[in-house]
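This report concerns only the one structure given below.
Hydrogens, waters and symmetry mates are skipped; everything else that's a heavy atom, side chains included, is used. Note that the numbering runs from 1 along the sequence shown for the chain.
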Amino acid sequence: MDVITTGIAPIILLLGGGLILRRRILTDAVFWSGLSWISYWVFTPALFITSIGAADLGTVSPGPLALSVSIPTLAVAGLSLGAARLTRAAGPQLTSLMQGSIRINTYVGLVFASALHAQEGVATFALASAIVVPLVNVICVTTLSLHGERGATPRRFALWRDLASNPLILACGVGLLLNLSGITMPVLLQTTLDMIAAPALVVGTLIAGAALRFTFRVRDLLDVGIASLLKLCVLPLAALWIALAFGITGASLTSIILITAVPTAPSATILASRMGGDTRLMAAITGVQTVLAIATIPLLLLLADTVSA
């Protein structure tokens with residue numbers, strides 16, 4: 001598989017394009033906020049519905065898939081707390097270390113999944129997202145509720161409502177219903193959804209590029225390094241080990257690697273600002289991980305391809 005031309009190069013160009021557009025041309029924050037909203041609530045859910053609804057899910061084992069992504073996530077969350085104790089990170093700093101160790105950038109993973117396995121890759125990645133997104137949100141929101149800066153607006157009681165209304169999780173449910181029930185959408189509706197889904201990958205990656213920030217203090221280097229090591233290396237390697245133990249291969253294995261190896265999402269900084277986290281550190285972790293992931297993801301995919309052969 002030519003990961004460079006199908007995955008890495010487009011991501012670099014789109015991330016760079018988003019960064020340049022945000023800094024030089026489309027500098028209005030309101031524009032990017034609106035674009036992020038429509039991508040999250042419209043484009044990406046449509047992509048999930050069309051991909052899962054039309055995919056052959058007979059080769060996907062839900063149990064092993066769920067265990068392969070949830071066990072490493074919980075383990076790395078524990079390691080993150082341990083690392084925070086060793087480095088004496090506390091309060092908002094601890095919350096950013098936690099988010100930086102386990103949160104995921106769905107768009108980067110989708111680009112790789114689509115490039116490597118087309119519709120099947122997007123479908124299995126979407127299913128993995130439906131498992132990881134609720135788990136990660138519960139952990140991160142709980143951590144922020146306990147350790148966020150006092151005086152921030154508490155949102156702990158909105159957690160389950162937020163999860164129940166999450167458009168990506170709902171889209172996975174609709175896609176699964178269509179797939180398993182054998183219901184065929186009318187041509188008009190299917191064509192419309194396909195058109196709505198088309199911009200998802202491009203727009204999502206441009207937004208990720210526009211959100212890149214690299215401003216941090218010398219003290220932040222340790223936290224950025226720990227979070228990046230846990231997120232980009234420890235988490236995906238643990239997931240790979242468990243997935244191989246279950247005998248998982250093909251698009252499912254690729255999706256497991258991607259969902260655990262992608263960098264932290266820019267939305268982590270937004271959550272940090274709402275719940276009293278360290279927004280500067282969170283933005284620095286996100287920016288550094290996004291750049292590093294361009295190199296680490298292909299290496300992890302190559303390793304998975306080699307050891308599973």
Side-chain angles (χ1 to χ4, degrees), residues 6-7 10-11 13-15 17-18 21-22 26 28 30-60 62 65 104-134 137 161-211 251-252 254-255 258-259 262 265-267 270:
T6 60
I11 287 178
L13 291 174
L14 289 171
L15 288 174
L21 286 171
R22 177 67 178 86
L26 301 172
D28 187 356
V30 175
F31 168 81
W32 291 100
S33 177
L35 190 63
S36 179
W37 186 93
I38 196 171
S39 177
Y40 182 69
W41 286 95
V42 181
F43 296 156
T44 306
L47 178 65
F48 278 20
I49 291 172
T50 56
S51 299
I52 296 175
D56 179 10
L57 301 179
T59 59
V60 179
L65 176 66
I104 61 171
N105 188 323
T106 309
Y107 299 119
V108 173
L110 278 171
V111 173
F112 274 104
S114 177
L116 298 176
H117 295 284
Q119 190 175 64
E120 182 185 7
V122 173
T124 52
F125 183 85
L127 292 175
S129 298
I131 298 166
V132 174
V133 168
N137 273 284
R161 183 190 66 196
D162 290 347
L163 292 177
S165 61
N166 185 291
L168 305 186
I169 297 174
L170 293 175
C172 286
V174 173
L176 280 172
L177 177 63
L178 292 172
N179 189 296
L180 299 177
S181 65
I183 297 174
T184 302
M185 283 189 291
V187 175
L188 176 61
L189 180 58
Q190 179 68 55
T191 303
T192 303
L193 275 177
D194 287 339
M195 294 176 68
I196 294 173
L201 299 181
V202 173
V203 172
T205 312
L206 284 173
I207 292 169
S252 294
T254 298
S255 294
L258 290 175
I259 200 70
V262 291
S267 58
I270 299 174

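- Rounding to the nearest 0.5 Å gives a distance of 11.5 Å between CG of Leu189 and OG1 of Thr184.
- Counting non-hydrogen atoms of neighbouring residues, nucleotides and ligands closer than 6.0 angstrom, the CG atom of Leu188 reaches no more than 12 such neighbours.
- We find the CD1-CG distance between Ile207 and Leu14 to be 11.5 Å, quoted to the nearest 0.5 Å.
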Could you go through residues 33-43 and list every donor-acceptor pair under 3.5 Å that involves a side-chain atom there, pairing it with any protein atom two or more places apart or in another chain?
{"from": "Ser39", "atom 1": "OG", "to": "Tyr107", "atom 2": "OH", "distance (Å)": "3.1"}
{"from": "Tyr40", "atom 1": "OH", "to": "Asn166", "atom 2": "ND2", "distance (Å)": "2.9"}

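- Closest approach of Gly53 and Asn179 over heavy atoms only: O-ND2, 3.5 Å.
- Within the model, atoms CE of Met185 and OG1 of Thr192 stand 9.5 Å from one another, a figure rounded to the nearest 0.5 Å.
- In this structure, OG1 on Thr44 lies 8.0 Å from CG on Leu201, to the nearest 0.5 angstrom.
- Looking at every heavy atom in both residues, Phe31 comes nearest to Leu26 through CE2-CD1, 3.6 Å.
- No side-chain heavy atom of Val262 sits under 4.5 Å from any side-chain heavy atom of Thr106.
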Please list, one pair per line, the donor and acceptor atoms closer than 3.5 Å that link side chains of residues 167-174 to other protein atoms, with sequence neighbours excluded.
none

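- The two residues Ile183 and Ser181 make their nearest non-hydrogen contact at CG1-OG, 3.0 Å.
- Residues Thr254 and Phe112 have side chains not in contact (no heavy-atom distance under 4.5 Å, counting atoms from C-beta outward).
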Could you pull out every donor-acceptor pair under 3.5 Å between side chains of residues 121-131 and any protein atom, sequence neighbours left out?
{"from": "Thr124", "atom 1": "OG1", "to": "Glu120", "atom 2": "O", "distance (Å)": "3.0"}
{"from": "Thr124", "atom 1": "OG1", "to": "Gly121", "atom 2": "O", "distance (Å)": "3.1"}
{"from": "Thr124", "atom 1": "OG1", "to": "Ser255", "atom 2": "OG", "distance (Å)": "2.6"}
{"from": "Ser129", "atom 1": "OG", "to": "Phe125", "atom 2": "O", "distance (Å)": "2.9"}

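- A distance-only check finds a donor-acceptor pair linking the side chain of Thr50 to the backbone of Ala46 [under 3.5 Å].
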